[in-house]
Amino acid sequence: MGRLRHELHPILHQAHRRVHDARAGSDVVDHSLAPWPLIDAPTLSVSDTHALTRRRRVGPTWLTLRRVAKARILVTPTRHTWGESRVSANKNFFESPQAAAIYKHKLIKSYIPAWAGKVGSTSTGKRVVVYDAYSGPGRYEDNEPGSPELLVDTAAAMAALRSVRTVFSEKENAYCERLSAMLAEKEINPATYDVRVGPVEDHMDAVLAEAGDLPLFVFLDPFGLTIPFDRVVQVMKGRDKSGYSRVLQPKTELLMNFSYEAVRRISGVVRSDKDYRAREGQIESLNRALGDTWWQALARDEPEGWVQQVLEGYADRVAAAVGGGCGYITAAVADSLEAKPVYELILFTLHLDGFWEMARSMSMARKEWRQWLADRREQETGGQVEFRGLDFDDDELAWVEEIAANIESVLKATARFRIESELGTILGRTLGLARETHIRRALKALQKKGVIADVPKGDLQRAYIARA
(Lines give C-alpha, C1' and ligand atoms only; values in the text may rest on other atoms or scores of the structure.)
Protein backbone atom coordinates (compact mmCIF):
# COMPACT_ATOMS: atom_id res chain seq x y z
CA MET A 1 0.00 0.00 0.00
CA GLY A 2 3.03 2.21 0.12
CA ARG A 3 6.79 2.31 -0.11
CA LEU A 4 9.27 3.47 2.42
CA ARG A 5 12.89 3.89 1.51
CA HIS A 6 16.00 4.89 3.35
CA GLU A 7 19.53 3.60 3.67
CA LEU A 8 19.92 0.78 6.20
CA HIS A 9 22.50 0.78 8.93
CA PRO A 10 24.91 -2.20 8.51
CA ILE A 11 23.58 -4.07 11.56
CA LEU A 12 19.99 -3.61 10.48
CA HIS A 13 20.88 -4.70 6.97
CA GLN A 14 22.14 -8.10 8.14
CA ALA A 15 18.91 -8.81 10.01
CA HIS A 16 16.85 -7.44 7.15
CA ARG A 17 18.44 -9.79 4.61
CA ARG A 18 17.89 -12.80 6.88
CA VAL A 19 14.20 -11.96 7.06
CA HIS A 20 14.05 -11.42 3.30
CA ASP A 21 15.47 -14.92 2.80
CA ALA A 22 13.06 -16.45 5.31
CA ARG A 23 9.97 -14.79 3.87
CA ALA A 24 9.34 -12.81 0.68
CA GLY A 25 9.47 -9.64 2.75
CA SER A 26 7.56 -6.38 2.48
CA ASP A 27 6.90 -3.52 0.14
CA VAL A 28 9.03 -1.21 2.23
CA VAL A 29 12.31 -1.02 4.08
CA ASP A 30 12.64 -0.78 7.80
CA HIS A 31 13.17 2.37 9.79
CA SER A 32 13.83 3.31 13.38
CA LEU A 33 12.81 6.39 15.28
CA ALA A 34 13.64 8.53 18.31
CA PRO A 35 12.51 12.09 19.15
CA TRP A 36 12.88 12.84 15.45
CA PRO A 37 16.25 11.05 15.23
CA LEU A 38 18.27 10.95 12.08
CA ILE A 39 18.97 8.21 9.60
CA ASP A 40 22.68 7.81 10.18
CA ALA A 41 25.41 5.69 8.60
CA PRO A 42 23.80 5.02 5.22
CA THR A 43 25.27 1.93 3.62
CA LEU A 44 22.80 0.15 1.38
CA SER A 45 19.69 1.00 -0.55
CA VAL A 46 17.14 -1.80 -0.77
CA SER A 47 14.43 0.16 -2.56
CA ASP A 48 14.91 -1.48 -5.94
CA THR A 49 15.25 -4.98 -4.44
CA HIS A 50 11.96 -4.62 -2.64
CA ALA A 51 10.21 -3.13 -5.64
CA LEU A 52 11.18 -6.13 -7.74
CA THR A 53 10.32 -8.58 -4.98
CA ARG A 54 6.93 -7.03 -4.54
CA ARG A 55 6.04 -7.11 -8.22
CA ARG A 56 7.22 -10.73 -8.57
CA ARG A 57 5.43 -11.90 -5.43
CA VAL A 58 2.16 -9.99 -5.63
CA GLY A 59 1.70 -10.01 -9.38
CA PRO A 60 -0.18 -7.08 -10.94
CA THR A 61 0.44 -4.73 -8.02
CA TRP A 62 -0.64 -1.78 -10.15
CA LEU A 63 -4.18 -3.18 -9.99
CA THR A 64 -3.96 -4.58 -6.48
CA LEU A 65 -2.34 -1.71 -4.61
CA ARG A 66 -3.37 1.35 -6.53
CA ARG A 67 -6.48 2.01 -4.48
CA VAL A 68 -4.80 3.63 -1.53
CA ALA A 69 -1.10 4.05 -1.39
CA LYS A 70 1.93 2.88 -3.26
CA ALA A 71 5.37 4.29 -3.53
CA ARG A 72 5.78 7.02 -6.13
CA ILE A 73 6.31 10.67 -6.74
CA LEU A 74 4.71 13.03 -9.14
CA VAL A 75 5.39 16.03 -11.27
CA THR A 76 3.15 18.05 -13.56
CA PRO A 77 3.57 20.91 -16.08
CA THR A 78 5.72 23.71 -14.71
CA ARG A 79 4.92 27.39 -14.86
CA HIS A 80 7.57 27.70 -17.57
CA THR A 81 5.26 25.87 -19.97
CA TRP A 82 1.76 25.98 -18.53
CA GLY A 83 1.86 28.74 -15.94
CA GLU A 84 -0.48 31.32 -17.45
CA SER A 85 -3.24 28.79 -18.03
CA ARG A 86 -3.39 27.62 -14.44
CA VAL A 87 -6.61 29.36 -13.46
CA SER A 88 -8.56 28.40 -16.56
CA ALA A 89 -7.29 24.82 -16.48
CA ASN A 90 -8.07 24.58 -12.80
CA LYS A 91 -11.15 26.79 -12.58
CA ASN A 92 -13.32 24.04 -11.08
CA PHE A 93 -10.65 22.67 -8.77
CA PHE A 94 -11.68 24.74 -5.77
CA GLU A 95 -15.43 24.21 -6.05
CA SER A 96 -15.48 21.28 -3.61
CA PRO A 97 -13.02 18.64 -2.42
CA GLN A 98 -13.08 15.24 -4.12
CA ALA A 99 -12.00 11.93 -2.63
CA ALA A 100 -8.31 12.46 -3.36
CA ALA A 101 -8.43 15.79 -1.54
CA ILE A 102 -10.20 14.14 1.40
CA TYR A 103 -7.23 11.80 1.74
CA LYS A 104 -4.65 14.55 1.37
CA HIS A 105 -6.30 16.86 3.89
CA LYS A 106 -6.67 14.13 6.51
CA LEU A 107 -3.02 13.27 6.00
CA ILE A 108 -2.06 16.89 6.70
CA LYS A 109 -4.35 17.14 9.73
CA SER A 110 -2.83 13.99 11.17
CA TYR A 111 0.85 14.49 10.29
CA ILE A 112 1.54 18.18 10.91
CA PRO A 113 0.64 18.16 14.63
CA ALA A 114 2.86 15.11 15.17
CA TRP A 115 5.72 16.72 13.25
CA ALA A 116 5.42 20.09 14.99
CA GLY A 117 5.08 18.47 18.38
CA LYS A 118 8.27 16.47 17.98
CA VAL A 119 10.65 18.77 16.14
CA GLY A 120 9.34 21.81 18.03
CA SER A 121 10.18 20.24 21.38
CA THR A 122 13.85 21.13 20.95
CA SER A 123 13.67 24.20 18.68
CA THR A 124 14.29 27.78 19.83
CA GLY A 125 11.16 29.08 21.52
CA LYS A 126 9.45 25.85 20.43
CA ARG A 127 8.96 27.50 17.04
CA VAL A 128 8.47 25.79 13.68
CA VAL A 129 7.74 27.04 10.15
CA VAL A 130 5.32 25.55 7.61
CA TYR A 131 5.40 26.72 3.99
CA ASP A 132 2.39 25.96 1.75
CA ALA A 133 3.91 26.90 -1.59
CA TYR A 134 0.84 26.49 -3.85
CA SER A 135 -1.83 27.58 -1.42
CA GLY A 136 -4.78 28.49 -3.66
CA PRO A 137 -7.62 30.44 -2.02
CA GLY A 138 -7.47 28.48 1.21
CA ARG A 139 -11.07 27.29 1.17
CA TYR A 140 -13.34 25.61 -1.36
CA GLU A 141 -16.37 27.40 -2.72
CA ASP A 142 -18.63 25.10 -0.71
CA ASN A 143 -16.78 26.34 2.42
CA GLU A 144 -14.86 23.13 2.96
CA PRO A 145 -11.33 23.91 4.21
CA GLY A 146 -8.33 23.67 1.92
CA SER A 147 -4.78 23.06 3.12
CA PRO A 148 -4.16 26.70 4.24
CA GLU A 149 -7.19 26.71 6.53
CA LEU A 150 -6.25 23.31 7.91
CA LEU A 151 -2.74 24.57 8.63
CA VAL A 152 -3.79 27.72 10.47
CA ASP A 153 -6.38 25.76 12.43
CA THR A 154 -3.63 23.33 13.45
CA ALA A 155 -1.38 26.22 14.46
CA ALA A 156 -4.16 27.72 16.57
CA ALA A 157 -4.90 24.40 18.25
CA MET A 158 -1.22 23.98 19.16
CA ALA A 159 -0.60 27.59 20.18
CA ALA A 160 -0.20 26.76 23.86
CA LEU A 161 2.47 24.17 23.10
CA ARG A 162 4.16 25.23 19.85
CA SER A 163 4.60 28.42 17.88
CA VAL A 164 3.72 27.52 14.29
CA ARG A 165 4.34 30.18 11.66
CA THR A 166 2.71 29.50 8.30
CA VAL A 167 3.80 31.05 5.02
CA PHE A 168 1.56 30.85 1.96
CA SER A 169 2.44 31.68 -1.62
CA GLU A 170 0.18 31.67 -4.66
CA LYS A 171 0.77 32.88 -8.18
CA GLU A 172 -2.75 34.18 -8.75
CA ASN A 173 -3.50 37.46 -7.01
CA ALA A 174 -7.24 36.71 -6.86
CA TYR A 175 -6.58 33.56 -4.86
CA CYS A 176 -4.27 35.45 -2.50
CA GLU A 177 -7.01 38.00 -1.89
CA ARG A 178 -9.51 35.27 -1.08
CA LEU A 179 -6.99 33.58 1.21
CA SER A 180 -6.20 36.81 3.06
CA ALA A 181 -9.92 37.54 3.47
CA MET A 182 -10.52 34.06 4.88
CA LEU A 183 -7.70 34.41 7.39
CA ALA A 184 -8.95 37.83 8.47
CA GLU A 185 -12.48 36.45 8.83
CA LYS A 186 -11.15 33.72 11.12
CA GLU A 187 -9.30 36.39 13.12
CA ILE A 188 -6.00 34.57 12.80
CA ASN A 189 -3.19 36.56 14.39
CA PRO A 190 -1.41 38.30 11.46
CA ALA A 191 1.91 37.79 13.21
CA THR A 192 1.57 34.01 12.77
CA TYR A 193 1.24 33.90 8.98
CA ASP A 194 2.21 35.59 5.74
CA VAL A 195 0.52 35.51 2.31
CA ARG A 196 2.80 36.18 -0.67
CA VAL A 197 1.79 36.74 -4.27
CA GLY A 198 3.82 35.17 -7.06
CA PRO A 199 5.25 31.81 -8.17
CA VAL A 200 6.99 29.66 -5.60
CA GLU A 201 10.38 30.26 -7.25
CA ASP A 202 10.11 33.92 -6.27
CA HIS A 203 9.69 33.09 -2.59
CA MET A 204 11.54 29.86 -1.79
CA ASP A 205 14.94 31.42 -1.02
CA ALA A 206 13.37 33.99 1.28
CA VAL A 207 11.41 31.31 3.15
CA LEU A 208 14.55 29.22 3.66
CA ALA A 209 16.47 32.26 4.90
CA GLU A 210 13.69 33.39 7.23
CA ALA A 211 13.33 29.93 8.71
CA GLY A 212 16.95 30.08 9.77
CA ASP A 213 17.69 27.15 12.07
CA LEU A 214 14.03 26.46 12.89
CA PRO A 215 12.37 23.21 11.77
CA LEU A 216 10.77 23.71 8.35
CA PHE A 217 8.01 21.75 6.64
CA VAL A 218 7.51 22.50 2.93
CA PHE A 219 4.32 21.44 1.16
CA LEU A 220 4.42 21.45 -2.66
CA ASP A 221 0.93 20.84 -4.01
CA PRO A 222 0.87 22.30 -7.53
CA PHE A 223 -1.64 22.04 -10.31
CA GLY A 224 1.16 21.00 -12.65
CA LEU A 225 4.89 20.42 -12.40
CA THR A 226 6.52 21.59 -9.21
CA ILE A 227 9.89 23.28 -8.77
CA PRO A 228 12.94 21.85 -10.57
CA PHE A 229 14.82 18.86 -9.21
CA ASP A 230 17.81 20.94 -8.12
CA ARG A 231 15.56 23.25 -6.13
CA VAL A 232 13.93 20.33 -4.34
CA VAL A 233 17.38 19.14 -3.30
CA GLN A 234 18.30 22.68 -2.23
CA VAL A 235 15.20 22.90 -0.05
CA MET A 236 16.19 19.71 1.74
CA LYS A 237 19.86 20.54 2.29
CA GLY A 238 20.26 24.26 1.52
CA ARG A 239 20.29 25.27 5.20
CA ASP A 240 22.96 22.74 6.18
CA LYS A 241 25.94 24.17 8.05
CA SER A 242 29.47 23.22 7.16
CA GLY A 243 31.27 21.33 9.90
CA TYR A 244 28.12 20.41 11.82
CA SER A 245 26.99 16.84 12.33
CA ARG A 246 23.68 15.75 10.83
CA VAL A 247 22.13 15.78 14.32
CA LEU A 248 22.79 19.52 14.65
CA GLN A 249 21.60 20.52 11.17
CA PRO A 250 18.30 22.40 10.75
CA LYS A 251 15.43 19.94 10.34
CA THR A 252 13.64 20.04 6.98
CA GLU A 253 10.88 17.89 5.55
CA LEU A 254 9.18 18.15 2.19
CA LEU A 255 5.80 16.72 1.18
CA MET A 256 5.14 16.78 -2.53
CA ASN A 257 2.15 16.13 -4.80
CA PHE A 258 3.22 14.32 -7.96
CA SER A 259 0.65 14.13 -10.81
CA TYR A 260 0.38 11.01 -12.96
CA GLU A 261 -1.36 12.90 -15.74
CA ALA A 262 1.49 15.33 -16.22
CA VAL A 263 4.11 12.61 -16.50
CA ARG A 264 2.03 10.75 -19.07
CA ARG A 265 1.11 13.87 -21.03
CA ILE A 266 4.61 15.25 -21.38
CA SER A 267 6.08 11.77 -21.90
CA GLY A 268 3.67 11.40 -24.81
CA VAL A 269 5.43 14.32 -26.45
CA VAL A 270 8.65 12.28 -26.48
CA ARG A 271 6.92 9.51 -28.43
CA SER A 272 5.21 11.84 -30.87
CA ASP A 273 6.55 12.40 -34.37
CA LYS A 274 4.89 15.80 -34.54
CA ASP A 275 7.16 18.82 -34.38
CA TYR A 276 5.66 22.01 -32.98
CA ARG A 277 6.91 25.12 -31.28
CA ALA A 278 6.17 24.12 -27.67
CA ARG A 279 7.46 20.55 -27.97
CA GLU A 280 11.04 21.12 -26.82
CA GLY A 281 9.88 23.40 -24.03
CA GLN A 282 7.52 20.74 -22.69
CA ILE A 283 10.24 18.09 -22.73
CA GLU A 284 12.71 20.45 -21.10
CA SER A 285 10.21 21.28 -18.35
CA LEU A 286 10.11 17.60 -17.37
CA ASN A 287 13.90 17.35 -17.69
CA ARG A 288 14.20 20.13 -15.12
CA ALA A 289 11.56 18.63 -12.85
CA LEU A 290 13.01 15.10 -12.91
CA GLY A 291 16.65 16.09 -12.85
CA ASP A 292 17.91 15.25 -16.37
CA THR A 293 16.95 13.21 -19.42
CA TRP A 294 17.10 9.75 -17.77
CA TRP A 295 13.31 9.35 -17.90
CA GLN A 296 13.04 9.76 -21.68
CA ALA A 297 14.07 6.18 -22.51
CA LEU A 298 11.32 4.86 -20.24
CA ALA A 299 8.77 7.21 -21.79
CA ARG A 300 9.82 6.27 -25.30
CA ASP A 301 9.85 2.47 -24.81
CA GLU A 302 6.92 2.26 -22.35
CA PRO A 303 7.95 -0.98 -20.61
CA GLU A 304 5.46 -2.45 -18.15
CA GLY A 305 5.21 -0.19 -15.12
CA TRP A 306 7.20 2.58 -16.78
CA VAL A 307 5.35 5.40 -15.03
CA GLN A 308 6.08 3.82 -11.66
CA GLN A 309 9.72 3.48 -12.67
CA VAL A 310 9.86 7.18 -13.48
CA LEU A 311 8.33 8.08 -10.13
CA GLU A 312 10.60 5.77 -8.17
CA GLY A 313 13.63 6.85 -10.17
CA TYR A 314 12.90 10.47 -9.34
CA ALA A 315 12.46 9.79 -5.62
CA ASP A 316 15.62 7.69 -5.46
CA ARG A 317 17.60 10.43 -7.21
CA VAL A 318 16.35 13.14 -4.87
CA ALA A 319 17.18 11.06 -1.80
CA ALA A 320 20.65 10.28 -3.16
CA ALA A 321 21.34 13.91 -4.05
CA VAL A 322 20.28 15.11 -0.60
CA GLY A 323 22.41 12.45 1.06
CA GLY A 324 22.90 12.19 4.79
CA GLY A 325 20.50 9.26 4.98
CA CYS A 326 17.56 10.97 3.31
CA GLY A 327 14.63 8.64 2.71
CA TYR A 328 11.07 8.81 1.50
CA ILE A 329 7.64 7.30 2.02
CA THR A 330 4.85 7.67 -0.51
CA ALA A 331 1.12 7.24 -0.96
CA ALA A 332 -0.86 7.01 -4.20
CA VAL A 333 -4.30 8.58 -3.97
CA ALA A 334 -7.38 7.93 -6.12
CA ASP A 335 -10.88 9.40 -6.38
CA SER A 336 -12.55 5.99 -6.11
CA LEU A 337 -11.83 2.32 -5.46
CA GLU A 338 -11.88 1.59 -9.20
CA ALA A 339 -10.00 4.64 -10.46
CA LYS A 340 -6.30 4.90 -11.10
CA PRO A 341 -4.43 7.19 -8.67
CA VAL A 342 -4.83 10.89 -9.32
CA TYR A 343 -1.48 11.74 -7.81
CA GLU A 344 1.21 10.57 -5.43
CA LEU A 345 2.16 12.17 -2.15
CA ILE A 346 5.79 11.70 -1.21
CA LEU A 347 7.47 12.73 2.01
CA PHE A 348 11.21 13.31 1.94
CA THR A 349 12.76 13.22 5.39
CA LEU A 350 16.08 12.69 7.12
CA HIS A 351 14.40 11.95 10.42
CA LEU A 352 13.29 8.44 11.27
CA ASP A 353 10.21 9.47 13.23
CA GLY A 354 8.91 10.85 9.95
CA PHE A 355 8.37 7.33 8.65
CA TRP A 356 6.52 6.12 11.74
CA GLU A 357 4.27 9.18 11.87
CA MET A 358 3.63 9.23 8.14
CA ALA A 359 2.71 5.54 8.10
CA ARG A 360 0.23 6.27 10.89
CA SER A 361 -1.12 9.32 9.08
CA MET A 362 -1.51 7.36 5.84
CA SER A 363 -3.60 4.81 7.71
CA MET A 364 -5.80 7.49 9.26
CA ALA A 365 -6.19 9.26 5.92
CA ARG A 366 -7.11 6.03 4.18
CA LYS A 367 -9.75 5.32 6.82
CA GLU A 368 -11.41 8.71 6.31
CA TRP A 369 -11.09 8.47 2.52
CA ARG A 370 -12.74 5.05 2.56
CA GLN A 371 -15.61 6.24 4.75
CA TRP A 372 -16.14 9.26 2.50
CA LEU A 373 -16.46 6.94 -0.50
CA ALA A 374 -18.90 4.69 1.37
CA ASP A 375 -21.05 7.66 2.42
CA ARG A 376 -21.11 8.99 -1.14
CA ARG A 377 -22.02 5.56 -2.52
CA GLU A 378 -24.87 5.32 -0.01
CA GLN A 379 -26.20 8.71 -1.07
CA GLU A 380 -25.99 7.81 -4.76
CA THR A 381 -27.85 4.52 -4.23
CA GLY A 382 -30.64 5.98 -2.12
CA GLY A 383 -29.44 4.66 1.22
CA GLN A 384 -28.16 1.24 0.17
CA VAL A 385 -25.39 0.35 2.62
CA GLU A 386 -22.14 -0.75 1.03
CA PHE A 387 -20.88 -4.20 2.07
CA ARG A 388 -17.20 -4.07 2.84
CA GLY A 389 -14.51 -6.48 3.92
CA LEU A 390 -14.16 -8.87 0.98
CA ASP A 391 -11.11 -7.08 -0.41
CA PHE A 392 -7.79 -7.13 1.44
CA ASP A 393 -7.77 -3.34 1.54
CA ASP A 394 -10.95 -3.38 3.66
CA ASP A 395 -10.28 -6.49 5.74
CA GLU A 396 -8.68 -5.46 9.03
CA LEU A 397 -8.53 -9.08 10.21
CA ALA A 398 -6.43 -9.89 7.15
CA TRP A 399 -4.14 -6.97 7.98
CA VAL A 400 -3.60 -8.33 11.49
CA GLU A 401 -2.88 -11.80 10.12
CA GLU A 402 -0.42 -10.34 7.62
CA ILE A 403 1.40 -8.38 10.31
CA ALA A 404 1.50 -11.40 12.64
CA ALA A 405 3.01 -13.55 9.89
CA ASN A 406 5.59 -10.86 9.16
CA ILE A 407 6.56 -10.58 12.83
CA GLU A 408 6.92 -14.35 13.03
CA SER A 409 9.26 -14.22 10.05
CA VAL A 410 11.40 -11.61 11.77
CA LEU A 411 11.60 -13.79 14.87
CA LYS A 412 12.82 -16.72 12.78
CA ALA A 413 15.84 -14.62 11.87
CA THR A 414 16.53 -12.97 15.22
CA ALA A 415 15.57 -13.74 18.80
CA ARG A 416 14.73 -10.14 19.66
CA PHE A 417 14.10 -6.97 17.68
CA ARG A 418 12.88 -3.42 18.06
CA ILE A 419 9.62 -2.63 16.30
CA GLU A 420 10.81 0.66 14.84
CA SER A 421 13.82 -1.11 13.33
CA GLU A 422 11.63 -3.57 11.39
CA LEU A 423 8.59 -1.43 10.69
CA GLY A 424 8.68 -1.93 6.94
CA THR A 425 9.01 -5.69 7.23
CA ILE A 426 6.28 -5.83 9.87
CA LEU A 427 3.73 -3.82 7.90
CA GLY A 428 4.48 -5.35 4.51
CA ARG A 429 1.41 -5.10 2.28
CA THR A 430 -0.46 -3.24 4.99
CA LEU A 431 1.64 -0.06 4.75
CA GLY A 432 -0.88 2.72 4.21
CA LEU A 433 -3.66 0.60 5.69
CA ALA A 434 -2.62 -0.57 9.15
CA ARG A 435 -1.25 1.32 12.15
CA GLU A 436 -0.16 0.71 15.73
CA THR A 437 -3.48 -0.74 16.88
CA HIS A 438 -3.21 -3.48 14.25
CA ILE A 439 0.38 -4.25 15.25
CA ARG A 440 -0.77 -4.62 18.85
CA ARG A 441 -3.58 -6.98 17.84
CA ALA A 442 -1.06 -9.06 15.88
CA LEU A 443 1.23 -9.23 18.90
CA LYS A 444 -1.64 -10.40 21.11
CA ALA A 445 -2.43 -13.13 18.61
CA LEU A 446 1.22 -14.22 18.63
CA GLN A 447 1.25 -14.21 22.42
CA LYS A 448 -1.83 -16.44 22.45
CA LYS A 449 -0.13 -18.71 19.95
CA GLY A 450 2.95 -18.95 22.17
CA VAL A 451 5.32 -17.25 19.72
CA ILE A 452 6.07 -14.36 22.10
CA ALA A 453 5.81 -14.22 25.87
CA ASP A 454 4.72 -10.63 26.40
CA VAL A 455 3.01 -7.77 24.56
CA PRO A 456 4.64 -4.43 25.45
CA LYS A 457 2.46 -1.86 27.16
CA GLY A 458 2.27 1.74 26.01
CA ASP A 459 3.83 3.10 22.83
CA LEU A 460 5.01 0.31 20.53
CA GLN A 461 7.32 2.41 18.39
CA ARG A 462 10.50 1.68 20.37
CA ALA A 463 9.32 -1.50 22.06
CA TYR A 464 11.30 -4.72 21.83
CA ILE A 465 9.72 -8.03 20.81
CA ALA A 466 11.35 -11.34 21.79
CA ARG A 467 10.72 -14.98 21.09
CA ALA A 468 8.97 -16.89 23.87
Side-chain angles (χ1 to χ4, degrees), residues 73-98 100-101 104-105 108 129-141 144-152 165-184 188 190 193-211 216-232 234-235 238 254-259 261-263 265-266 278 281-282 284-290 342-346:
I73 175 124
L74 170 94
V75 282
T76 9
T78 60
R79 65 187 181 91
H80 302 287
T81 305
W82 307 92
E84 296 307 317
S85 65
R86 178 172 187 264
V87 171
S88 59
N90 198 22
K91 62 182 179 180
N92 298 321
F93 185 80
F94 292 109
E95 287 184 358
S96 64
Q98 298 302 306
K104 175 176 62 180
H105 292 160
I108 292 171
V129 179
V130 178
Y131 178 33
D132 188 348
Y134 300 87
S135 66
R139 182 184 286 170
Y140 291 88
E141 292 181 7
E144 287 294 315
S147 59
E149 186 166 11
L150 296 175
L151 290 173
V152 296
R165 175 171 173 77
T166 48
V167 180
F168 305 105
S169 66
E170 169 55 51
K171 181 177 180 180
E172 303 303 329
N173 186 63
Y175 285 165
C176 286
E177 291 177 352
R178 286 172 56 184
L179 175 57
S180 296
M182 182 270 290
L183 295 172
I188 303 297
Y193 71 86
D194 194 16
V195 178
R196 304 179 181 183
V197 182
V200 58
E201 286 276 41
D202 292 354
H203 302 296
M204 185 63 79
D205 288 339
V207 171
L208 293 174
E210 292 165 15
L216 172 65
F217 185 90
V218 176
F219 182 37
L220 302 176
D221 187 22
F223 187 74
L225 287 175
T226 188
I227 58 177
F229 177 96
D230 291 343
R231 292 288 274 163
V232 171
Q234 181 193 18
V235 169
L254 186 149
L255 180 65
M256 178 186 293
N257 174 326
F258 185 109
S259 163
E261 179 185 356
V263 171
R265 180 169 59 238
I266 298 180
Q282 291 172 335
E284 181 56 28
S285 69
L286 200 51
N287 287 342
R288 286 193 297 267
L290 296 180
V342 178
Y343 55 77
E344 293 272 349
L345 291 175
I346 180 165

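Side chains are part of it too, since the values below use all heavy atoms of this structure and drop only hydrogens, waters and symmetry mates. As the structure is a prediction and not an experimental result, all values here were calculated from the model.
When side chains are defined from C-beta on, E141 counts as touching R178, because their heavy atoms get closer than 4.5 Å. The side-chain heavy atoms of R288 and E284, taken from C-beta on, include a pair separated by under 4.5 Å.
Here the closest non-hydrogen pair linking E170 and Y134 is OE1-C, 4.0 Å. The two residues V197 and K171 make their nearest non-hydrogen contact at CG1-O, 4.0 Å. Minimum interatomic distance between P148 and G138 (heavy atoms only, all atoms of both residues): CG-CA, 3.6 Å. Heavy-atom minimum distance, Y140 versus A101: OH-CB, 3.6 Å. The two residues I266 and Q282 make their nearest non-hydrogen contact at CG2-O, 3.3 Å. The shortest non-hydrogen separation linking H203 to S169 is CD2-CB, 3.7 Å.
With values rounded to the nearest 0.5 angstrom, S135 atom OG is found 11.0 Å from E172 atom CD. For the atom pair CD1 (I188) and OH (Y193), the distance works out to 7.5 Å, reported to the nearest 0.5 Å. Taking OH of Y343 as the start and CE of M256 as the end, the distance is 14.5 Å to the nearest 0.5 Å.
Checked against side chain to side chain contact (heavy atoms under 4.5 Å, CB included), S147 has the following partners two or more places apart in sequence or in another chain: I108, D132, F219. Residues forming a side chain to side chain contact (heavy atoms under 4.5 Å, CB included) with V207 (at least two apart in sequence, or on another chain): Y131, V167, R196, L216. Residues that satisfy the side chain to side chain contact (heavy atoms under 4.5 Å, CB included) test with D205, not counting sequence neighbours, are R231, Q234.
A side-chain contact (heavy atoms from CB on, under 4.5 Å) with L255 is found for exactly one of D221, V218, L345, L220, namely L345.
Remark: side-chain polar atoms of T166 are not paired, donor with acceptor, to backbone N or O of V130 under 3.5 angstrom.
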side-chain contact (heavy atoms from CB on, under 4.5 Å) between M204 and I227: does it pass, once the steps are laid out? CA-CA 10 Å; M204 185 63 79; I227 58 177; 4.0 Å; yes
